[in-house]
Asks: 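Structure provided below as structure tokens; questions to follow.
Below, chain A is the first sequence line, B the second, and so on; all start at residue 1.
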Amino acid sequence: MAVLVIADHDNATLKDNTHKVVTAAQAIGGDVDVLVAGSNTAAIAAEAAKIAGVRKVLTAESAELGQGLAEAMADLVVGLAGGYDHILTPATSQGKNFSPRIAAKLDVAQISDVTEVVSADTFTHPIYAGNAMETVQSGDAKKVLTVRPTAFKAAADGGSASVESVAAPAAPAKTKFVDQKIVKSARPELGGAKIVVSGGRAMGSAEEFQKVIEPLADKLGAAVGASRAAVDAGYAPNDYQVGQTGKVVAPELYVAIGISGAIQHLAGMKDSKVIVAINKDADAPIFQVADFGLVADYKAAVPELMSALTAAGK
Amino acid sequence: MKVLVPVKRVIDYNVKARVKADQTGVDLANVKMSMNPFCEIAVEEAVRLKEKGAATEVVAVSVGPTQAQETLRTALAMGADRAILVQTDQDLEPLAVAKVLKAVIAEENPELVLMGKQAIDGDNNAVGQMLSALLDWPQATFASEVAIGGGKATVTREVDGGLQTIDVSLPAVVTADLRLNEPRYASLPNIMKAKKKPLDVKELGSLGVDTAPRLKVVKVTEPAKRQAGIKVETAADLVSNLKTAGVL
Ligand SMILES: Cc1cc2nc3c(=O)[nH]c(=O)nc-3n(C[C@H](O)[C@H](O)[C@H](O)COP(=O)(O)OP(=O)(O)OC[C@H]3O[C@@H](n4cnc5c(N)ncnc54)[C@H](O)[C@@H]3O)c2cc1C
Ligand SMILES: Cc1cc2nc3c(=O)[nH]c(=O)nc-3n(C[C@H](O)[C@H](O)[C@H](O)COP(=O)(O)OP(=O)(O)OC[C@H]3O[C@@H](n4cnc5c(N)ncnc54)[C@H](O)[C@@H]3O)c2cc1C
């Protein structure tokens, strides 16, 4: 049996999501190979080769793979699929874009957002905004899964897999990359951060969001998140959205400020180890999942929290 | 340009799903059902394309039970011209839904398929990508902006870290993200008018599509519950609690 893990990277560095999906692959069993597809793969492949337990790292390079075009990614992976029983992709927006295309080309089901490997053909994943966990057994010859990285521990380094390059597919004829606006932030990435500070509609403006949420995040070395209401109102960029239809996070510490705790928001953060909520409404649903709740106006509470952190040596 | 909009009837987004005691699924008896919010966004975008003169006809299609006619009437009240129900009481997997939609597309020949990125029940985020793969059409998922012109769609997509813009030649499949638009509420006169718009019902069996399930549901369970926490009085209390919990 062999499992192909599709690496998550930004054409510069390998992301920790890859290590987490390797852990899921190891739970399935058999040989684990990692595919690094992009525009600049050498350094990333060298990183992937260090993951303990990886047999082989495959690389494929083209401009379109670097742009993450779904058609190019699917053509590449379908071409390699003959050698694999399982194809695992991290459930990032990138992975969600191309993985179902691979499944359909192979005429197999995709199992989305897998959080537990029960056996080589049986997997658990959340449905209904995480209000139900469904365990399914696949009868397909090949299993195509997206894997929720926060549900698995990162595989350790310590390996020395071989690196082999494979041919990139022809450029897709019907899709052309135009441009992209990717914001580079000095803060940790939302998906993998140890601490996340999120702001909601209560912020009222982008200026207030920056004035309140960002300094607190910087003090804690945290990533910044937001509710959908805050993103829709333009207080925070779209990729800050935590929730059912945004990013799923499971940090050691999640701090929700001025967020009510709608089902859709909880779906994205309720697996955090410790949850803190600051909200002036004592009945806000967020308090039902918070380990520590502070019923207060954030305008007073956040400055006090900043000072209390300073006093505690932070 | 003809636009096809697949719409799904799902549990209303305000309702919290409850798992059945026998672990066979989610209890949908007497639960409020609505159009999937992402499908509403797709319908809205299609209707706006028609209002702008970029589209000539908007056809809504749903694969589901008889009650999905209500969902289609909602699409008609929002401005779709006609509707097709592919009727079935089976719970189809995303691949099967994509195959059914492909069969409908072979009859309808739309130049654009606009659909939701994700249904809030299955949460699979898969049907659009699968459909475009089966058709060998280009795909543009998670759209926050769509412009049509010159035989192509220019689509801005919500991706990790920001936004990406791609051009896809038509025909193409585009899936809607939350920021694409704010769907309108159907007005009463439009709800009345929608009752007279054509709604075609086809039996799933008449399409000759293989919809056999690939997955067997072993069980559906409740997620792990969080222990109730405590309320703290001050920010200083909070910090000392977080220190004790070992997360600072
Ligand atoms: C299809 C669909 C998908 C969705 N996906 C997501 C998703 O992925 N993520 C997501 O977050 N939401 C999502 N939502 C939206 C969700 O239903 C809620 O509308 C949203 O989470 C609310 O954001 P909020 O908590 O910031 O705002 P509100 O619900 O308005 O809450 C604001 C809170 O701030 C508190 N507050 C106000 N002023 C102060 C103050 N001065 N000090 C302290 N507290 C204060 C209030 O008491 C209130 O509890 C989705 C909705 C739909 C329909
Ligand atoms: C009790 C129960 C058990 C189920 N068991 C399984 C199971 O084991 N495995 C499984 O895969 N599914 C199962 N389903 C069905 C599953 O919940 C989804 O409905 C189905 O897989 C489609 O996936 P999705 O809606 O998450 O698709 P998504 O890919 O999230 O939907 C994206 C878009 O596709 C379009 N679309 C989706 N479905 C339709 C439709 N019917 N008609 C028209 N357009 C549509 C819409 O535009 C939608 O916005 C079950 C359903 C029930 C009620």
Asks: Heavy-atom distance under 4.5 Å to chain B: side chain of Ile102(A), backbone, both or neither?
Replies: neither
Asks: Where does Leu163(B) contact chain A at under 4.5 Å (heavy atoms): side chain, backbone, both or neither?
Replies: both
Asks: Do Lys184(A) and Asp10(A) make a side-chain contact, defined as non-hydrogen atoms from C-beta onward lying under 4.5 Å apart?
Replies: yes
Asks: Tell me, side chain or backbone of Glu233(B) under 4.5 Å from chain A's heavy atoms, or both, or neither?
Replies: backbone
Asks: At a 4.5 Å cut-off on heavy atoms, which part of Val19(B) comes close to chain A: side chain, backbone, both, or neither?
Replies: side chain
Asks: Hey, which of Val220(B), Val218(B), Thr165(B), Ile166(B) has the most heavy atom pairs under 4.5 Å with chain A?
Replies: Thr165(B)
Asks: Which bit of Ala98(B) is near chain A, if near means a heavy-atom gap under 4.5 Å: side chain, backbone, both or neither?
Replies: neither
Asks: Counting only non-hydrogen atoms closer than 4.5 Å, does Ser99(A) touch chain B with its backbone (N, CA, C, O), its side chain (CB onward), both, or neither?
Replies: neither
Asks: If you count heavy-atom pairs within less than 4.5 Å of chain A, which of Leu134(B), Asp177(B), Leu238(B) leads?
Replies: Leu238(B)
Asks: Using a cut-off of under 4.5 Å on heavy-atom pairs, state which of Thr141(B), Asn241(B), Thr175(B), Leu248(B) scores highest against chain A.
Replies: Asn241(B)
Asks: Examine whether an atom of Ile182(A) lies under 4.5 Å from a heavy atom of chain B, and if so say whether it belongs to the side chain, the backbone or both; otherwise answer neither.
Replies: both
Asks: Which bit of Ala296(A) is near chain B, if near means a heavy-atom gap under 4.5 Å: side chain, backbone, both or neither?
Replies: neither
Asks: For Lys243(B), is it the side chain, the backbone, both, or neither that has a heavy atom closer than 4.5 Å to a heavy atom of chain A?
Replies: side chain
Asks: So which part of Ile230(B) gets closer than 4.5 Å to some heavy atom of chain A, the side chain, the backbone, both or neither?
Replies: both
Asks: Here's a test for you: under side chain to side chain contact (heavy atoms under 4.5 Å, CB included), which of Val295(A), Leu294(A), Ile286(A), Asp297(A) qualifies with Asn279(A)?
Replies: Ile286(A)
Asks: Using non-hydrogen atoms only, which part of Asp107(A) is less than 4.5 Å away from chain B: side chain, backbone, both, or neither?
Replies: both
Asks: Sort Ile275(A) into side chain, backbone, both or neither according to what part of it lies under 4.5 angstrom from a heavy atom of chain B.
Replies: both
Asks: So what's closer than 4.5 Å to chain A heavy atoms on Thr234(B): side chain, backbone, both or neither?
Replies: backbone
Asks: Most heavy-atom pairs under 4.5 angstrom with chain B, which of Lys247(A), Lys270(A), Gln288(A), Lys194(A)?
Replies: Lys270(A)
Asks: Which bit of Val15(B) comes within less than 4.5 Å of chain A, counting heavy atoms only: side chain, backbone, both or neither?
Replies: backbone
Asks: Give me the contact list for residues 307-314 of chain A versus chain B, heavy atoms only, anything under 4.5 Å, ordered by residue number.
Replies: Ala308(A), Leu309(A), Ala312(A), Lys314(A)
Asks: Sort Val276(A) into side chain, backbone, both or neither according to what part of it lies under 4.5 angstrom from a heavy atom of chain B.
Replies: side chain
Asks: With only heavy atoms counted, which part of Arg157(B) is less than 4.5 Å from chain A, the side chain, the backbone, both or neither?
Replies: side chain
Asks: Is Asp136(B) in contact with chain A via its backbone, its side chain, both, or neither, using a 4.5 Å heavy-atom distance?
Replies: both
Asks: Side chain, backbone, both or neither: which part of Glu189(A) has an atom under 4.5 Å from a heavy atom of chain B?
Replies: neither
Asks: Pick whichever of Val168(B), Thr221(B), Val239(B) has the most heavy-atom pairs under 4.5 Å with chain A.
Replies: Thr221(B)
Asks: What part of Arg226(B) gets closer than 4.5 Å to chain A, counting heavy atoms only: side chain, backbone, both or neither?
Replies: side chain
Asks: Would you mind checking which part of Tyr240(A) comes under 4.5 Å of any heavy atom in chain B, side chain (CB onward), backbone (N, CA, C, O), both or neither?
Replies: neither
Asks: Tell me, do Asp123(B) and Asp113(A) make a side-chain contact under 4.5 Å, heavy atoms counted?
Replies: no
